[in-house]
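Predicted model only: the values in this text are computed from it and were never measured. In listed order, ligands and their atoms are each counted from 1.
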Amino acid sequence: MNFEVKKTFPKNFLWGGATAANQLEGGWNQGGKGLSVADVYSFDSSSPKETWLDQWFMMTHKQVEEAKDPKSKKYYPKRVGNDFYHHFKEDIQLFGEMGFKCYRMSIAWTRIFPKGDEDKPNEEGLKFYDEIFNECLKYGIEPMVSLSHYEMPLYLSQYYGGWNNRKLIDFYVKFVTVCFQRYKNKVKYWLTFNEINCIKHHVFVSAGIIEENHPNLEQVRWQSAHHQFVASALATKYCHEIIPESKVGCMISYQLLVPYSCHPDDIQKSMDQPRMSLLFSVVLARGYFPSYASRMFEEKDVKLKILEGDEEIMKMYPVDFISFSYYMSSAVCGHKDDTTCSATGNLLGDTVNNPYLKTSEWGWQIDPKGLRCALNQLYDRYQKPLFIAENGLGAIDKMDENGEINDDYRIDYLRQHIIQMKEAIKDGVDLFGYTSWGCIDMISASTSQISKRYGYIYVDQDDDGHGTRKRTKKKSFDWYKQVIASNGENLNI
Ligand code: BGP
């Protein structure tokens with residue numbers, strides 16, 4: 001054993017940024033693209049703010065039917081994105097200028113298989129991504145591709161019932177093998193499903209499930225998750241076969257959960273709640289369900305249909321690395337008689353406010369030190385290389401009279417998180433890359449606003465879709481460039 005402490009970021013650390021096709025591309029009906037589940041989220045800035053998250057957590061038949069109607073007058077922001085479809089050369093050139101080593105992006109399934117069940121892929125869609133990868137490689141940027149990032153074909157949801165239907169495994173496998181074959185000389189890093197554990201929170205965007213159809217939603221949710229586990233294992237198998245030097249990762253949303261107090265019920269809850277979420281990475285990284293799954297399924301009245309051979313597939317093809325998104329931490333309160341526990345604006349789960357943390361304009365509690373804990377917890381658990389696939393601050397940016405955007409708050413957020421990444425590396429964590437979320441402003445996944453900006457590059461567009469879409473570098477652009485050039489050593493403004 002060599003006890004030398006690693007004091008810096010590894011030499012080939014993959015610094016970069018992350019996006020998703022449905023949030024930035026636009027061109028929803030161009031190049032033969034079909035409708036995806038993302039394309040049916042509408043936005044209306046005049047509706048009450050409190051309702052903006054409703055569709056994200058529950059999509060209805062009525063909303064889907066209305067969205068499909070060509071006469072609908074509603075605005076569907078994810079159909080427009082920030083128009084990367086027509087700006088990608090300029091945008092990737094800016095990523096190159098920042099010195100990106102890696103660009104995490106997704107392939108829209110509906111550009112390759114517009115409905116999802118076709119025999120042959122759509123050549124125009126395949127060509128589009130060829131061009132994107134060529135641009136990346138021109139600037140020495142390694143693409144990392146998410147194969148399914150909240151954008152499955154709407155048709156598979158409507159006519160097959162989404163991932164609850166086992167046939168989805170075959171459609172997904174067909175789609176991903178077409179991608180591996182086509183891009184085998186261009187892409188080495190692949191992620192099977194974005195935030196696979198978020199099927200716990202939003203079944204429509206994660207699995208194409210419309211809640212109204214299902215009285216026992218828990219059964220459908222977990223059955224769909226099981227089909228995604230098998231699909232992910234098969235994707236890993238075929239990726240390794242087709243691209244021997246490839247690395248395949250899973251991707252989970254990691255929200256560090258801490259006990260609100262030292263009350264034993266808070267401690268218990270802070271163990272139980274994350275376990276339900278970590279079940280996903282246990283299955284994908286180790287290849288089998290954890291022992292606590294049995295009790296969990298019994299209590300939820302879930303009876304999984306697992307076919308002969310499924311468990312063997314899961315066991316034989318675990319992922320090579322674990323990637324995750326990290327934005328915030330939250331406290332959990334198990335003893336409900338404590339009136340000091342107050343509800344939080346944090347997006348996911350049954351959590352309460354941590355009085356020690358600051359909160360973003362969207363109610364997400366900012367906890368850079370929590371990232372160090374998250375990295376250590378994941379590494380202790382799995383002993384597999386880790387990759388931070390998303391992290392960042394969604395904030396309102398204002399352009400001043402000189403046309404500048406001084407986003408010091410974003411620089412501060414990112415700097416504090418990068419400091420903690422380095423601490424985790426000193427702790428012995430094998431972290432090989434970091435792609436901050438939304439390197440260019442685009443549509444928010446949850447609220448469908450563009451004014452929830454994460455980027456180093458500002459896009460002139462408002463929440464109703466108006467604007468020139470002109471790109472402008474923010475102050476954080478030069479800052480991040482310097483971070484990358486110094487391999488994480490120079491974090492000063
Ligand atoms: C993650 C998603 C992303 C992304 C990000 C920020 O959960 O993987 O797609 O958008 O969160 O969330 P939001 O856009 O809602 O601010």
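- Interface atoms of ligand 1 facing H149, defined by a heavy-atom separation under 4.0 Å, are 3 (C), 8 (O), 9 (O).
- For W109, the ring-ring contact (aromatic ring centres under 6.0 Å, His included) partners at least two apart in sequence or on another chain are Y172, F175.
- Counting only residues at least two apart or on different chains, the salt bridge (Lys or Arg N to Asp or Glu O under 4.0 Å) pairs with a member in residues 352-374 are R372-E423, R372-D427.
- The aromatic rings of Y480 and W15 sit perpendicular, their planes meeting at an angle over 60°, well past the 30° parallel limit.
- When atom types are taken as modelled, the side chain of T468 and the backbone of K470 share a donor-acceptor pair closer than 3.5 angstrom.
- Taking the six-membered ring for Trp, W52 and Y41 have ring centres at least 6.0 Å apart.
- Atoms of ligand 1 found under 4.0 Å from any heavy atom of K452, numbered from 1 in the order shown, are 13 (P), 15 (O), 16 (O).
- Heavy atoms of Y327 approach ligand 1 to within less than 4.0 angstrom.
- A salt bridge is absent between K33 and E25: the closest approach of a Lys/Arg side-chain nitrogen to an acidic carboxylate oxygen does not fall below 4.0 angstrom.
- Shown in contact with N194 at under 4.0 Å from a heavy atom are these atoms of ligand 1, numbered in order with element: 8 (O).
- At a 3.5 angstrom cut-off on N or O pairs, T447 does not count as close to ligand 1.
- Among E390, M251, Q255, the residue whose heavy atom lies closest to atom 1 (C) of ligand 1 is E390.
- Note that R111 lies in the cation-pi zone of F128, set by a 6.0 Å cut-off to the ring centre and a 45° limit from the axis.
- Heavy atoms of Y454 approach ligand 1 to within less than 4.0 angstrom.
- The residue I443 has no part lying near ligand 1, judged by heavy-atom distances below 4.0 Å.
- No part of W56 comes within 4.0 Å of ligand 1, judged by heavy-atom distances.
- Between Y103 and F84, the two ring planes are tilted [angle within 30° to 60°].
- When C198, S446, S448 are ranked by how near their heavy atoms come to atom 15 (O) of ligand 1, first place goes to S446.
- At a heavy-atom cutoff of 4.0 Å, ligand 1 is contacted by both the backbone and the side chain of S444.
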